[in-house]
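Shown next, in structure tokens, is the structure this report addresses.
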There are 2 protein chains.
Amino acid sequence: MTVQVDEMDRKILRALQEDASRSLDEIAREVGSSKTPVWTRIRKLREAGIIGRQTVILDAEALGLEACFFVLIRTSEHEAEWQQTFLAALRARPEVMEAHRLAGEIDYILKVRVPNARAYDAFYQALISEVRIYNVTALLSMEEIKSTPLLPLGQAPSKS
Amino acid sequence: MTVQVDEMDRKILRALQEDASRSLDEIAREVGSSKTPVWTRIRKLREAGIIGRQTVILDAEALGLEACFFVLIRTSEHEAEWQQTFLAALRARPEVMEAHRLAGEIDYILKVRVPNARAYDAFYQALISEVRIYNVTALLSMEEIKSTPLLPLGQAPSKS
DNA sequence: CCTGAAAACAGACCCCC
DNA sequence: GGGGGTCTGTTTTCAGG
């Protein structure tokens, strides 16, 4: 299921990331090709899952989601069963926007978007009542300096 | 420039986040309205900046961006000039996908996407040569458990 | 593999309710 | 402010070079 992604594909992906609302014609012009070939490539990239969801970026603050926390989690449990419960809980909660398992001292990091600190506390209480966690540190964002959905496709190497 | 966002607007925003490629008709049907009113609302939300960029979510791993780091930064500098330099550096680097200024012990957190650990080191070296930083901890992601661009609009309160 | 045309389709804007 | 229709441009498909 691995697809070869060449430089033309990367140009198309860059253009789509930037603005997916433009017409095929515009994108074709920007990447220096023409409608049909670009369309064929987009279709292939979609089928391969390299192009995923098409979405719009919304203004979280304007929608009342004014608090953003990064949550550092240490656990003493490392059994498969515990992990399954934990992961399921994270995936089920929409306020968890990112969750990563880490190498090193800290086991997990979450990014959590909520209306306010009270809502974060409710989330936190619910989480620790569902799964045993050894240690939690919450980092409160004071200012979103940067947040981009654009992957750095500038000169990243493609998989061989 | 603050716009009142009512429940119908929220429904539309939820639908657009989920899949921005659907037609106006489909979205209108989903939210229980019709083409024109939905279109008018979308236009207003766009003009108000609540709806931002339209984009596609790409598969980072498939595109050779196999490493993701969360970087915790402490600094001793808190003058405006230093901060300006630092923020400009972060915004200029495409591998920095998120940057937040934090409350508490740790001053900043970054999310950095790169092809591999070597590329991260190159980024790190470049950054510390541009600005003085007191202490840096890099957390390496072993597994992306969850990553969603969808804001939790379920029952978030709107701004009064 | 690209070009160009043809068909189905959706977005933008209208007037009427 | 919502409903429906129309015109224009875009997506998608297909035949041919």
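Throughout, protein chains are lettered first and strands after them, A, B, ... in sequence-line order, and every chain is numbered starting at 1. Values reported hereafter were calculated over all heavy atoms of this structure, with side chains retained and with hydrogens, waters and symmetry mates removed.
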Short N-O contact, A:Arg43 and A:Glu47, less than 4.0 angstrom: yes
Dot-bracket, 5' to 3', for DNA chain D please: Watson-Crick or G-U pairs under 3.5 Å, [ ] where pairs cross earlier ones, | where the partner sits on another strand, dots elsewhere. ||||||.|||.||||||
Counting only N and O atoms by type, is there a donor-acceptor contact under 3.5 Å from the side chain of B:Arg113 to the main-chain atoms of B:Leu65? yes
How many Å lie between CD on B:Gln54 and P on D:dT10, as a whole number? 15 Å
Do any side-chain nitrogens or oxygens of B:Arg41 fall under 4.0 Å of OP1 or OP2 in D:dG2? yes
In whole angstrom, what separates B:Met8's CE from D:dG1's P? 13 Å
With no hydrogens and no angle check, is any side-chain donor or acceptor of B:Gln17 less than 3.5 Å from a backbone partner on B:Leu151? yes
Look at the side chain of B:Arg91 and the backbone N and O of A:Ile145, then say whether any donor-acceptor pair between them is shorter than 3.5 Å. yes
Would you mind reading off the distance between B:Arg29 atom CZ and D:dG3 atom P, rounded to a whole angstrom? 14 Å
Exactly one of B:Val136, B:Asp107, B:Thr137 should register a side-chain contact (heavy atoms from CB on, under 4.5 Å) with B:Leu72. Which one does? B:Thr137
Residues A:Glu98, A:Lys111: salt bridge by 4.0 Å N-O rule: no
Between B:Phe69 and B:Tyr124, is the ring centre distance below 6.0 Å? no
Examine A:Leu16 and B:Met97 and state if one hydrophobic cluster contains both, with Ile, Leu, Val, Met, Phe, Trp and Tyr joined whenever side-chain heavy atoms are less than 4.5 Å apart. yes
Any B:Lys44 side-chain N or O less than 4.0 Å from OP1/OP2 of D:dG1: yes
A:Ile12 CD1 - D:dT11 P separation (whole Å): 14 Å
Rounded off to whole Å, could you give me the CH2-to-C1' distance for the B:Trp39 and D:dT6 pair? 14 Å
Could you give the CD1-to-P distance, from A:Ile42 to D:dT10, as a whole number of Å? 15 Å
Which is true for A:Thr36 with a 4.0 Å heavy-atom rule: it touches a base, it touches only sugar-phosphate, or it touches nothing? base
Whole-Å distance separating the CG atom of B:Leu24 from the P atom of D:dT10: 16 Å
Would you confirm whether B:Trp82, through its side chain, and B:Arg132, through its main-chain N or O, come within 3.5 Å as a donor-acceptor pair? yes
If you compare every side-chain N and O of B:Thr40 against the phosphate oxygens of D:dG1 (OP1, OP2), does one of them come in below 4.0 Å? no
Could you tell me from which nucleotide to which nucleotide of DNA chain C, 5' to 3', there is an atom under 4.0 Å from chain A heavy atoms? C:dC2 to C:dG4
B:Arg22 has an atom CZ; how far is it from atom P of D:dT11, in whole Å? 18 Å
